[in-house]
Amino acid sequence: MSRNKTKVLVVDDHLKMRLTISHMLKTAGYDDVVGAGDGDEALRKIEAGGVDFVICDWNMPGMKGVELLQALRERDEFKALPFLMVTAEVNGPTVMQALETEVDGYIVKPFRGSTLLDKMASILKRRSNPSPIDLLLKSAKRKLSRGDVEGAAEDYRRAFKEDQNSPRVHFGLSEVFSAQGQKEEALKELKRSLELAPEYVKACDAIAALLIERGEKIDAAKMLEQAVRKSPLNVKRQAAYGSTLIEIGETEKAREVFQEARKYFPDNAEFESLVGEAYLRAGLHREAEIALEAASALNPDLSNVYNQLGIAYRKQGKYEAAIANYRKALISAPNDANLYYNMAIAQLEAKEADASIKSLKKALEIDPDFREADDLLHKVESLMRR
């Protein structure tokens, strides 16, 4: 039997399943197989280098399989790393979330060794022999990311000649038009992308963003509602939908959306933080406080949450709590001039002028060009001299 030099990382919180998959692979000629018990350990091993293929369980404590995949796809060096998801069930939301995160494939437990190996072979073949359109799309994205809009446009035009009915091509063209400031043309391409593939939820998100930019928030909310219905397992999408509802005055519906979303994201610090931000922007400070408190309890290391909590408390006149949260934020972000500035405002409103001056001077020490801090410092010092 020929031996395969592909290094495979098997990620599963159950040791027995890791050993079973490893045995299947080694029996088939894969000699270099390593394991990880959760997403965090897997990410560390991938970052260490050498991993050529990932087989990962969907449900794990801590960082779930789809969260590991999202983390990898957000980094250029791991965008093309082959990733096979293993799941115990297949339902609409699960499949949509996996596809949105650009998974290469998935298999359902229980599975035969032949099923696993066939799926891996298919993925590796597709990766090693990409189609002309895939090469063009990859090239276009790379050019667009470095600001070569014209080069990206040329690649997308060539891809369009390869397949005029590819939703990915129309989506790419929309990004080019958007970069060129041609928002109407970008919107047309996005709508065409959605016509060709109604389940292409990425286009829904982009359409909603353009509509919000144009001030058409009611239509944006309708588009986000479609997107959430098709693919609900997306934290940012659910938060954006609720936030847009608040902005158009449908606060009660937004609360219902957030509550429903929590069924998908129980104990999710990122979601609670985004909900808190939405309420804060709308001036709903008590609601913001509740969500942000939940986020800080779930993840005490989020300095931005403490900053937002400080604002929420200050707006309610809870100055002591506001200042305490700014101090917590400064523990992990000691060189953030904005935190000192926000704390100075709370201290001033709490009639602690001396402390406010110290905070403003610290903000200016960090950022000498901080005009708002400089102006406020002069006003406070002027008042103190009277």
Side-chain angles (χ1 to χ4, degrees), residues 69-83 96-105 123-228 230-231 234-237 240-241 244:
L69 178 57
Q70 288 168 339
L72 295 174
R73 294 302 185 244
E74 287 171 0
R75 295 170 59 170
D76 289 339
E77 65 268 39
F78 301 128
K79 279 185 182 294
L81 180 63
F83 198 108
M96 286 300 299
Q97 187 183 24
L99 292 176
E100 276 194 77
T101 322
E102 299 179 24
V103 73
D104 291 283
I123 291 170
L124 290 169
K125 181 180 180 180
R126 191 166 66 245
R127 285 289 191 178
S128 61
N129 297 291
S131 67
I133 196 167
D134 283 336
L135 289 172
L136 286 167
L137 291 175
K138 183 177 180 180
S139 172
K141 287 179 182 178
R142 186 168 57 249
K143 289 175 181 176
L144 199 57
S145 68
R146 63 174 185 240
D148 182 6
V149 179
E150 288 305 318
E154 178 57 30
D155 282 341
Y156 280 127
R157 283 193 287 268
R158 290 171 60 195
F160 182 76
K161 291 179 181 178
E162 290 283 338
D163 185 357
Q164 297 184 17
N165 293 318
S166 167
R168 292 186 299 159
V169 171
H170 287 282
F171 187 91
L173 286 169
S174 78
E175 292 184 310
V176 168
F177 282 126
S178 188
Q180 294 172 332
Q182 300 181 55
K183 304 296 184 179
E184 194 61 42
E185 292 302 316
L187 192 57
K188 287 179 182 177
E189 292 296 337
L190 286 169
K191 288 180 177 178
R192 180 58 180 154
S193 176
L194 204 54
E195 287 172 6
L196 292 165
E199 300 306 312
Y200 196 42
V201 188
K202 189 177 180 181
C204 292
D205 293 335
I207 290 171
L210 277 177
L211 290 172
I212 289 172
E213 191 177 319
R214 286 163 38 146
E216 300 173 25
K217 294 182 180 179
I218 293 176
D219 289 337
K222 291 177 181 177
M223 184 57 64
L224 286 167
E225 183 177 18
Q226 284 186 42
V228 164
K230 294 172 183 177
S231 183
N234 184 297
V235 167
K236 292 179 180 177
R237 177 178 300 126
Y241 178 35
T244 306

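All values below come from the heavy atoms of this structure, side chains included, with hydrogens, waters and symmetry mates left out. If you read the sequence from its start, that first residue is 1, and numbering goes on from there.
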**Derivation of the side-chain contact (heavy atoms from CB on, under 4.5 Å) call for E216 and I212** = CA-CA 5 Å; E216 300 173 25; I212 289 172; over 6 Å; no

**Request:** Check C204 against K230 and note the closest heavy-atom contact, atom names and distance.
**Result:** SG-NZ, 4.0 Å

**Message:** Minimum heavy-atom separation for K217 and T244, please, with both atom names.
**Reply:** O-CG2, 3.5 Å

**Prompt:** Of all heavy-atom pairs between V169 and Y156, which one has the smallest distance, and what is that distance?
**Reply:** CG1-O, 3.8 Å

**Asked** Taking C-beta and beyond as the side chain, do R146 and R142 meet within less than 4.5 Å on heavy atoms?
**Response** yes

**Item:** Between Q180 and E175, a side-chain donor and acceptor under 3.5 Å
**Value:** no

**Request:** Kindly give the heavy-atom pair with the smallest separation between R127 and P82, and that separation in Å.
**Result:** CG-CG, 4.1 Å

**Asked** More than 12 foreign heavy atoms under 6.0 Å from CD1 of I218: is that the case here?
**Response** no

**Prompt:** Do you know the tightest heavy-atom contact between F171 and A206?
**Reply:** CE1-CB, 3.9 Å

**Residue pair R168, D134: steps toward the salt bridge (charged side-chain N to carboxylate O under 4.0 Å, His left out) verdict** = CA-CA 10 Å; R168 292 186 299 159; D134 283 336; 2.8 Å; yes

**Message:** Side chains of S231 and N234: any donor to acceptor distance under 3.5 Å?
**Reply:** no

**Prompt:** Checking salt bridge (charged side-chain N to carboxylate O under 4.0 Å, His left out) for the pair E225/K222: CA distance, chi angles, key distance, verdict?
**Reply:** CA-CA 5 Å; E225 183 177 18; K222 291 177 181 177; over 6 Å; no

**Item:** Derivation of the salt bridge (charged side-chain N to carboxylate O under 4.0 Å, His left out) call for R192 and E195
**Value:** CA-CA 5 Å; R192 180 58 180 154; E195 287 172 6; 3.2 Å; yes

**Message:** For a side-chain contact (heavy atoms from CB on, under 4.5 Å) check, start with the C-alpha distance between R214 and E184, then their side-chain angles and the critical distance, and finish with the verdict.
**Reply:** CA-CA 10 Å; R214 286 163 38 146; E184 194 61 42; 2.7 Å; yes

**Asked** Which heavy-atom pair separates L194 from Y200 by the least distance, and what is that distance?
**Response** CD1-O, 3.5 Å

**Message:** Less than 4.0 angstrom from a charged side-chain N to a carboxylate O is my criterion; do R158 and D155 meet it?
**Reply:** yes

**Complete:** The reported gap from NZ in K188 to CG in L190 (rounded to nearest 0.5 angstrom) is 12.5 Å

**Request:** Assess whether atom NZ of K183 is packed by more than 12 heavy atoms of other residues, nucleotides or ligands within 6.0 Å.
**Result:** yes

**Item:** Evaluation steps, side-chain contact (heavy atoms from CB on, under 4.5 Å), between K138 and L135
**Value:** CA-CA 5 Å; K138 183 177 180 180; L135 289 172; 5.6 Å; no

